[in-house]
J.: 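Here it is, the structure in full.
Convention: sequence-line order gives letters A, B, ...; per-chain numbering from 1.
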Amino acid sequence: MQYDFNKIEAKWQKYWAEHQTFKANNTSKKPKYYVLDMFPYPSGAGLHVGHPLGYIASDIYARYKRHKGFNVLHPQGYDSFGLPAEQYAIQTGQHPAVTTEANIKTYRRQLDQIGFSFDWSREVRTSNPEYYKWTQWIFIQLYESYYCNNDNKAKDINELIAIFSTEGNTKVNAACDDGIENFTAKEWNSFDIVKQQKILLQYRLTYLAETEVNWCPALGTVLANDEIVNGVSERGGHSIVRKKMTQWSMRISAYAERLLQGLETIDWTDSLKETQRNWIGKSVGASVSFNVNGHNEKIEVFTTRPDTIFGVSFMTLAPEHELVSIITTPEQKPSVNAYIEATAKRSERDRMADVKTISGVFTGAYAEHPFTKKPIPIWIGDYVLAGYGTGAVMSVPCGDQRDYAFAKHFNIAIPNIFEGVDISEVAFSDKNKTIIANSDFLNGMNYKKATKRAIYELEQLGQGKGKTNYRLRDAVFSRQRYWGEPFPVYYVNGMPQMIDLKHLPIRLPEVEKYLPTEEGEPPLGRANIWAWDTNTNTVVANENIPLGAVEGVSEDTGIYPLELNTMPGWAGSSWYFFRYMEEANRDQVFASEDALNYWGNVDLYIGGAEHATGHLLYARFWVKLLKDRGFVKVDEPFKKLINQGMILGTSAFVYRIAETHQFVSKGLIEGRNVQAIHADVSLVNASDELDIEGFKNWRKEFTNAEFITEADGVFKVSRDVEKMSKSKYNVVNPDAICEHYGADSLRLYEMFLGPLEQYKPWNTAGISGVHSFLKKLWKLYIGENGLNVNENAPTKESLKTLHKTIKKVEEDIENFSFNTSVSTFMIAVNELTAQKCTSKTILEPLLVLISPYAPHIAEELYHLLGNEKSISTAAFPIFDASHLVESSKNYPISFNGKTRFTIELPMDMTKDAIEKEVMAHEKTKAQLDGRAPKKVIVVPGKIVNIVG
RNA sequence: GCUGAAGUGGUGGAAUUGGUAGACACGUUGGACUUAAAAUCCAAUGUCCAUUAGGACGUACGGGUUCAAGUCCCGUCUUCAGUACCA
């Protein structure tokens with residue numbers, strides 16, 4: 001009987017589906033374990049071999065945990081809202097829901113063929129109304145919450161309203177917009193409803209505000225900070241401009257400290273935690289306010305070095321700073337305006353690329369030093385960023401290199417306030433070696449002491465206080481797109497109103513076109529039926545909205561406009577891991593209390609590191625909100641996280657002589673003006689030789705191509721490793737691999753390729769190794785005359801092979817080094833084959849070890865051994881050392897660090913006995929060499945040494 | 001610039017807390033089987049010297065600690081990733 005992998009794999013995939021083998025149970029006495037993959041966006045291109053890498057790893061772990069007696073939740077779903085489906089819709093008019101559905105079908109077929117142990121009964125799709133109903137509900141929870149800094153948690157906004165109406169807001173310590181006005185209870189109660197709502201918006205955890213956003217004209221939408229890479233859009237690489245727009249935002253900044261602290265409690269890689277720490281960007285220092293001479297204005301600055309306050313010799317404002325236009329003197333106005341105009345013209349990217357050029361201009365105004373009362377010139381310069389801190393700095397040229405360079409360039413004084421430090425060439429910024437001088441009451445103090453004292457003195461003056469600043473900005477939550485979650489929001493008198501849970505979901509309306517409207521409204525502005533009727537609590541036609549209701553003056557029909565924006569891609573992915581926990585009552589709850597309590601948090605999460613400052617931060621934020629408001633018990637969603645590395649493609653290039661149809665083989669390009677063109681990797685063999693005829697037929701434009709080959713007549717391509725992508729023609733499809741070698745080969749090979757977390761190029765050539773291993777495995781069990789397995793007692797040797805394999809494989813899985821256990825299997829099968837092992841006592845447990853990696857073949861052989869049940873229900877074998885202890889081991893004997901000979905000694909020998917034994921060897925050897933014997937030293941558990 | 005990770009044969013990669021460097025696989029070479037090919041099996045395969053026995057050198061580079069270093073320490077170089085006028 002041959003190893004017919006196609007038949008076997010189809011058979012067991014069908015069996016698992018029919019028997020719901022991997023269905024998780026919400027009530028079980030077994031300990032729980034939750035293994036989660038980052039769910040895919042179902043793109044039109046389907047899966048390539050890089051996509052399943054993480055899924056295979058998590059699947060191995062999930063299957064292993066089942067063998068270990070855990071009740072495992074291992075679900076899968078689709079992050080099915082997103083830009084590509086919408087852009088395809090704009091081009092073709094095809095509804096995104098239709099293309100998404102088709103793509104999901106392809107994904108599901110491809111996933112099924114690899115043999116994953118997903119519990120599909122719990123599938124989620126973020127674009128399903130039954131799912132996004134609860135995304136809308138969470139949005140409302142955010143809206144109905146404010147963040148209390150005293151209790152360090154989010155609370156019901158009604159509690160805040162109660163405080164306002166009894167004591168005003170002067171004692172409230174809550175996260176809110178900058179520059180909020182103070183009011184008493186009496187004033188609050190006298191405000192009209194619109195004014196009250198406006199104030200409350202400044203406290204809510206999701207709020208509507210006119211903010212400066214990253215507008216991408218090419219995509220016609222705003223983007224969050226994490227969607228911008230190197231100053232251009234992550235998707236498409238389009239340019240970004242800053243623009244003021246009224247948008248929904250998420251007050252994630254309220255959670256900055258908790259998001260930072262929470263990192264200490266979770267098992268993620270250091271680099272990923274570091275990335276989040278940098279993104280949150282905590283810095284401790286002080287805020288100081290400087291009075292502007294001749295104006296009733298103050299300049300607020302943030303500094304991490306209040307100890308250097310006596311070194312301030314000028315101040316710098318960002319060109320966009322609001323005080324610039326107020327304080328600039330008439331003489332300086334022309335040059336200041338010219339400078340502002342010049343910086344505004346420069347794109348974000350130019351500004352970032354060109355950080356070396358020093359530029360700035362004097363405003364003509366002066367501020368007053370808080371202690372010396374001396375006048376300090378106020379400059380503007382684009383090295384100060386409007387978006388960080390207060391957009392203004394106190395410049396201490398002797399202690400900061402940027403200030404130093406600026407001062408040198410514009411000939412501003414550089415007073416030295418450091419003891420025993422030469423600042424004639426560069427600034428001195430080593431905090432640890434700082435001793436302050438020329439600074440009045442700070443003289444002689446170190447950094448720590450001086451900082452404390454400076455803050456104290458500033459507080460006495462009422463001109464400063466200790467402050468912690470975070471780089472983390474609130475996240476813009478509105479997108480001017482069609483294919484996303486609609487907001488459960490309508491507007492009365494321009495103020496947002498939430499729609500009650502019982503009327504959710506608010507479904508996406510039908511539109512004719514998916515582009516923004518001619519007036520520049522988001523695509524939902526095209527919907528004919530997109531208004532909210534508060535009489536019937538339904539979505540109705542827009543034309544029923546009387547103009548007056550919009551303006552807030554005339555008679556009220558109870559019909560109001562709905563929000564036209566949709567939510568960003570990260571909305572649905574910020575809570576989906578809770579949704580998998582619930583299977584029965586999904587229309588009643590986002591996840592039931594029982595389910596949430598049972599499954600708790602995700603024990604193991606596997607996915608790409610590119611989500612470090614997006615999804616992984618937002619999900620943590622939403623979970624903390626849900627916890628504060630009592631909906632979930634966990635503080636962190638993902639206990640352990642592993643980033644799988646990307647599998648790269650090996651692209652092939654052919655060289656064309658510029659502006660001709662002539663192609664030149666790789667070895668002959670020297671001295672020719674050539675351009676490299678991607679060739680489809682399927683047209684190139686393992687020796688980098690191009691299939692010329694195939695290439696001609698590949699694309700029409702190459703039909704008449706001519707080829708200049710090497711002397712031996714072959715045409716060689718050059719190779720390069722790049723990200724796998726359709727446009728680079730380097731994609732390897734798992735379907736073809738499964739067909740040729742089987743899913744088990746694919747699974748083993750992806751693991752065998754290298755460490756899980758590493759980036760590595762795909763090379764199909766190597767797959768023959770793991771494939772022939774599976775054939776050998778099959779042969780070990782099945783001979784020409786049928787089953788090779790019997791009830792014979794195992795030999796000691798075979799037991800040893802089995803037990804060392806159990807030990808190694810278990811260690812490997814626990815350490816996520818799946819690549820080395822594939823080698824371990826190969827060694828085990830080779831050894832057992834050499835031993836002619838036929839004992840079921842050995843061969844059955846071996847299958848259980850292998851089954852997480854190659855489940856189909858393991859199931860089939862397990863079945864052929866006479867087992868009725870699926871191997872998934874079998875227990876993982878236990879490592880038994882007793883066979884090893886009795887056996888012996890080779891001890892290398894080293895001499896001056898160089899190994900001379902080895903002797904075989906029993907493992908349970910005492911230290912003295914070994915020394916005696918080795919000494920005897922050494923004496924013999926010494927006699928042969930004609931020298932005196934050396935001393936023998938035994939380190940228990942280590943190697944035996946002979947010391948000269 | 002800063003932060004993090006990493007540099008091991010022709011290639012992908014092994015190597016527990018410092019203890020036989022190169023497991024396992026690919027590739028290559030030779031052989032067996034075959035009319036032939038495929039498949040399968042066997043052998044060799046870090047470099048250099050040597051007919052053999054054997055020896056020397058070897059984990060980016062230069063030092064150091066140690067009986068013993070791919071692993072620890074100091075310095076240098078290179079690559080990858082993230083981040084950046086962050087006050």
Side-chain angles (χ1 to χ4, degrees), chain A residues 2 229-230 269-279 281-283 285-286 288 301-306 308 315-316 318 351-352 354-358 381-385 387-396 399-403 405-406 429 469-471 609-610 612-613 643 645-646 686-687 748-749 752-755 757-773 775-776 779 807-808 811 815 817 819-828 830 833 890-902 934-935 937 939 941-948:
Chain A
Q2 288 292 310
V229 177
N230 295 329
T269 61
D270 289 339
S271 74
L272 195 70
K273 285 189 189 180
E274 199 58 29
T275 306
Q276 288 211 345
R277 280 191 203 106
N278 289 339
W279 193 259
K282 180 180 183 175
S283 45
V288 185
V301 303
F302 173 76
T303 177
T304 55
R305 297 295 304 273
T308 63
M315 303 193 67
T316 318
R351 217 165 134 169
M352 277 162 63
D354 173 32
V355 296
K356 297 240 163 64
T357 315
I358 295 158
D382 67 0
Y383 81 97
V384 178
L385 304 176
Y388 182 77
T390 60
V393 299
M394 58 175 227
S395 303
V396 183
D400 182 288
Q401 192 52 43
R402 289 157 302 163
D403 295 345
F406 195 89
S429 56
N469 199 47
Y470 297 91
R471 196 180 80 106
E610 66 273 18
T613 55
N643 296 121
M646 204 179 284
S687 318
L748 280 172
Y749 188 53
F752 185 69
L753 219 45
E757 278 141 302
Q758 197 167 297
Y759 278 58
K760 55 225 162 207
W762 177 265
N763 172 16
T764 307
I767 201 169
S768 63
V770 292
H771 186 63
S772 66
F773 156 72
K775 285 199 257 188
K776 281 183 206 165
K779 269 201 204 157
K807 183 168 186 275
K808 183 69 165 60
E811 281 169 4
N815 295 325
S817 36
N819 53 329
T820 49
S821 32
V822 179
S823 299
T824 308
F825 292 140
M826 291 178 177
I827 294 166
N830 282 341
T833 304
N890 285 332
Y891 277 82
I893 308 300
S894 62
F895 170 64
N896 280 353
K898 304 263 158 65
T899 304
R900 281 297 172 88
F901 57 96
T902 64
K934 314 267 172 162
K935 196 184 168 214
I937 295 172
V939 185
K942 295 280 172 74
I943 256 169
V944 184
N945 288 300
I946 303 173
V947 186

J.: Who is the Watson-Crick or G-U wobble partner of B/C33, with both distances under 3.5 Å?
T.: none
J.: If I compare all heavy atoms of A/Ala318 with all of A/Val384, which pair ends up nearest, and what's the gap?
T.: CB-O, 3.4 Å
J.: Find the partner of B/A38: check Watson-Crick (N1-N3 plus N6-O4 or O6-N4) and G-U wobble (N1-O2, O6-N3) distances, both under 3.5 Å, and reply none if neither fits.
T.: none
J.: For RNA chain B, whose closest nucleotide is more 5', that of A/Asp400 or that of A/Ser271?
T.: A/Ser271
J.: Just the rounded figure in Å: distance from P of B/U11 to CG of A/Leu753.
T.: 16 Å
J.: Taking only N and O in the side chain of A/Arg402, is any of them less than 4.0 Å away from OP1 or OP2 of B/C86?
T.: yes
J.: Rounded off to whole Å, could you give me the OH-to-C1' distance for the A/Tyr749 and B/G12 pair?
T.: 7 Å
J.: Please compare A/Gly766 and A/Phe302 by the position of their nearest nucleotide in RNA chain B and report the one closer to 5'.
T.: A/Gly766
J.: Can you say whether a donor on the side chain of A/Asp382 sits under 3.5 Å from an acceptor on the base of B/C85, or the other way round?
T.: yes
J.: Watson-Crick or G-U wobble partner for B/G18, using a 3.5 Å limit on both distances?
T.: none
J.: Nearest 0.5 Å, what's the CG-OG1 distance between A/Asp270 and A/Thr275?
T.: 10.5 Å
J.: By the rule that syn is within 90° of 0, classify the base conformation of B/G9 as syn or anti.
T.: syn
J.: Would you tell me if any nitrogen or oxygen in the side chain of A/Tyr388 comes within less than 4.0 Å of OP1 or OP2 on B/A87?
T.: yes
J.: In the structure shown, which nucleotide is the Watson-Crick or G-U wobble counterpart of B/U45, with both distances under 3.5 Å?
T.: B/G27
J.: What is the pairing partner of B/U59, taking Watson-Crick or G-U wobble pairs with both distances under 3.5 Å in any strand?
T.: none
J.: Run the salt-bridge test on A/Glu811 and A/Lys808 with the 4.0 Å N-O cut-off and return the result as yes or no.
T.: no
J.: Could you state the CD-P distance from A/Glu757 to B/G13, rounded to the nearest angstrom?
T.: 14 Å
J.: If we only count heavy atoms from C-beta on, is the A/Tyr749 to A/Thr764 side-chain gap below 4.5 Å?
T.: no
J.: Can you tell me how far C1' of B/A23 sits from CD of A/Glu811, to the nearest Å?
T.: 15 Å
J.: In whole Å, what is the span from the CD atom of A/Gln758 to the C1' atom of B/A5?
T.: 10 Å
J.: Assign the ring pair A/Phe406 / A/Tyr383 to parallel, tilted or perpendicular, where the plane angle (0 to 90°) is split at 30° and 60°.
T.: tilted
J.: Given atom CG of A/Asn763 and atom P of B/U11, what is their separation to the nearest angstrom?
T.: 13 Å
J.: Across all strands shown, which nucleotide pairs with B/C72 by Watson-Crick or G-U wobble geometry, both distances under 3.5 Å?
T.: B/G64
J.: Just name whichever nucleotide pairs with B/G82, Watson-Crick or G-U, keeping both distances under 3.5 Å, else none.
T.: B/C2
J.: Roughly how many Å is it from CZ in A/Phe406 to P in B/A87, rounded to a whole number?
T.: 18 Å
J.: Would you say B/A14 has OP1 or OP2 under 4.0 Å from some side-chain N or O of A/Asn819?
T.: yes
J.: Within this structure, what is the CD-to-P distance between A/Glu274 and B/G4, rounded to whole angstrom?
T.: 6 Å
J.: Considering every strand and a 4.0 Å limit on heavy-atom distances, what is the contact class for A/Pro761: base, sugar-phosphate, or nothing?
T.: nothing
